[in-house]
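Notes follow once the structure below has been shown.
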Amino acid sequence: MTSPYARELEIAQLAVQRAAILTKRVFREKAKGTVSKDDASPVTIGDFGAQALIIAALRANFPGDAIVAEEEAAQLRSDAGLRGLIWDLVRSTRLSGAAEEALGGVRDEADLLEVLDLGRSEGGRKGRVWTIDPIDGTKGFLRGGQYALALALLEDGDVKVGVLGCPNLPVDDEAPLEADIGANQTDEEGRGVIFSAVVGQGATSRPLGTGGLTEGKSIRMKEVTEMANACFCESVESGHSNQSDSAQIAQKLGITKPSVRMDSQAKYGSIARGAGDIYLRLPTSKTYQEKIWDHAAGDLIVREAGGQVTDTKGQRLDFGVGRTLATNSGVVAAPAAVHGRVLEVVQEVLGLK
Ligand SMILES: Nc1ncnc2c1ncn2[C@@H]1O[C@H](COP(=O)(O)O)[C@@H](O)[C@H]1OP(=O)(O)O
Ligand SMILES: [Mg+2]
Ligand SMILES: [Mg+2]
Ligand SMILES: [Mg+2]
């Protein structure tokens, strides 16, 4: 008997692997087709292309499922030049060998727009919903830092399958955390990893390849025996997480090492394999609502690796209330044994208790 969600996991990983071939191609090109979105955040031809390829794979394999994805086609309808660039990339990106046969493709430019807009579901508490962040950490991607391709399956609001493709993290689960890597290191041998998890089945890492999936290794969070030696991760962007609050929290916890700053859900993957210990995301504004695609895959991968993930109020992240985590505030992810202590100090510093 195959285990639950085996097919979803396989297709999700292949879809992420194929889309990562595209984002890596875009990174190597000088012109990344960067445009600004309404909220002034950047989006590139890599974001659109990767989203189209991932949705095409879901459409071919799970046609009845809803999809909540970050990007939409609107900008491409009025910009034929940008649309053409993305179409060229999408039609020429494939996995090697038989793996490609399991994944559907995009037929033409009109289909490209249609596929991108399949990701406009409102999400919610009912049924199967995939959530996609084609490039999480676009700013990191542009800088030559960390970024992730994130894909998760929710069922009735709970994360059942999570996949994170991290093209610029070391394959080696034992490799130390790097604060930042130079753009010229992104293509070096030994980088590119996929983290994955299925609810109740643990978490795994494997090299990010270009064809079929290679064998995975089970990953676990590291046990924190002494808080002083714990290593915590946070955003590079001070607008995404309050770095002065986190410095105070670290100090109160007796943590002596400086935080490691990296972009994207690579932070969740890194703590899940014990390269780091704690991930804090502390609100910088009262009005910003975290998006479900920025957390769903990472949340499950960390929990399946022995971690606990809550918001700053101590509540589980609730992926069933729509496209955003409207009822949550920030993120506190840590090994289960020390999560309570970390949360206590977070609440002290943020004045929540
Ligand atoms: N004010 C904000 N607070 C928290 N996260 C934000 C904020 N603005 C944007 N983000 C999102 O944070 C994510 C990156 O997180 P990190 O800094 O940890 O890598 C991105 O998905 C980004 O969204 P966007 O995709 O719109 O840029
Ligand atoms: Mg994101
Ligand atoms: Mg994104
Ligand atoms: Mg974005």
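The basis for the numbers below is simple: all heavy atoms, side chains too, and nothing from hydrogens, waters or symmetry mates. Ligands are counted one by one from 1 in listed order, and the atoms in each one are counted from 1 as well.
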Atoms of ligand 1 under 4.0 Å from any heavy atom of Glu70, numbered from 1 in the order shown, are 24 (P), 25 (O), 26 (O)
Requested in this report: Quick one: do Glu8 and Trp130 satisfy side chain to side chain contact (heavy atoms under 4.5 Å, CB included)? Show the steps, please.
Outcome: CA-CA 10 Å; Glu8 286 82 354; Trp130 292 88; 3.9 Å; yes
**Message:** Strictly distance-based, threshold 3.5 Å: is any side-chain N or O of Lys267 a donor or acceptor partner for the main-chain N or O of Met262?
**Reply:** yes
the protein heavy atom lying closest to atom 16 (P) of ligand 1 turns out to be Ser235 OG, 3.4 Å
Please report the C-alpha distance between Arg120 and Glu72 in whole Å, then the side-chain angles of each, then the deciding distance to 0.1 Å, and finally whether the salt bridge (Lys or Arg N to Asp or Glu O under 4.0 Å) criterion is met.
CA-CA 7 Å; Arg120 296 177 66 187; Glu72 55 178 33; 3.7 Å; yes
Looking at Asp136, the N/O/S atom that lies nearest to the Mg ion (ligand 2) is called OD1
Exercise. Distance only, no hydrogens: is a donor on one side chain within 3.5 Å (strictly under) of an acceptor on the other, for Gln265 and Tyr279?
Worked result: no
Restricting to heavy atoms, the pick from Met262, His240, Lys37, Glu234 nearest atom 14 (C) of ligand 1 would be His240
In ligand 1, the atoms that come under 4.0 Å of a heavy atom of Gly239 are 1 (N), 2 (C), 3 (N)
Quiz item: For ligand 1, is there an atom lying under 4.0 Å from some heavy atom of Ser264?
Solution: yes
Atom 15 (O) of ligand 1: of Lys139, His295, Arg281, Glu237, the nearest heavy atom sits on Arg281
| message | Using a distance threshold of 2.8 Å, state whether an N, O or S atom of Glu70 lies below it from the Mg ion (ligand 2). | response | no
Closest to atom 21 (O) of ligand 1 among protein heavy atoms sits Asp294 OD1, 2.8 Å
* Check whether any N or O atom of Val236, backbone or side chain, sits under 3.5 Å from an N or O atom of ligand 1, and answer yes or no. => no
Ligand 1 atoms nearer than 4.0 angstrom to some heavy atom of Lys267 are 16 (P), 18 (O), 19 (O)
Looking only at protein heavy atoms, what sits closest to atom 27 (O) of ligand 1 is Ser41 CB, 3.7 Å
Practice problem: Compute whether any side-chain donor of one residue and acceptor of the other, for Tyr147 and Thr23, lie under 3.5 angstrom apart. | Solution: yes
For a quick test of your reading: what N or O donor-acceptor pairs under 3.5 Å do the side chains of residues 338-350 make, sequence neighbours left out?
residue	atom	partner	partner atom	Å
His339	NE2	Thr310	OG1	3.2
His339	NE2	Val332	O	3.1
Arg341	NH1	Glu344	OE2	2.8
Gln347	NE2	Thr312	O	2.9
Gln347	NE2	Lys313	O	3.4
Glu348	OE1	Lys252	NZ	3.4

Q) Should Arg323 and Lys291 be marked as a side chain to side chain contact (heavy atoms under 4.5 Å, CB included) after you check the CA-CA gap, both sets of side-chain angles, and the distance that decides it? A) CA-CA 6 Å; Arg323 291 176 65 92; Lys291 311 297 191 293; over 6 Å; no
Here the atoms of ligand 1 under 4.0 Å from any heavy atom belonging to Asp263 are 19 (O)
For this session: For Thr138 and ligand 1, answer yes if some heavy atom of the residue is under 4.0 Å from a ligand atom, otherwise no.
Result: no
Within 45° cone and under 6.0 Å: Arg128 NZ/CZ vs Phe62 ring: yes
Here the vertex angle at the Mg ion (ligand 2) for OD2 of Asp133 and OD1 of Asp294, given to 10°, is 90°
- Query: Taking NZ, NE, NH1 and NH2 as the nitrogens, is one of them in Glu178 or Arg191 under 4.0 Å from a carboxylate oxygen of the other?
  - Reply: yes
*Taking atom types as modelled and ignoring hydrogens, do the side chains of Glu234 and Ser246 form a donor-acceptor contact shorter than 3.5 angstrom?*
yes
In terms of its nearest heavy atom to atom 10 (N) of ligand 1, the top option of Phe141, Tyr288, Tyr279 is Tyr288
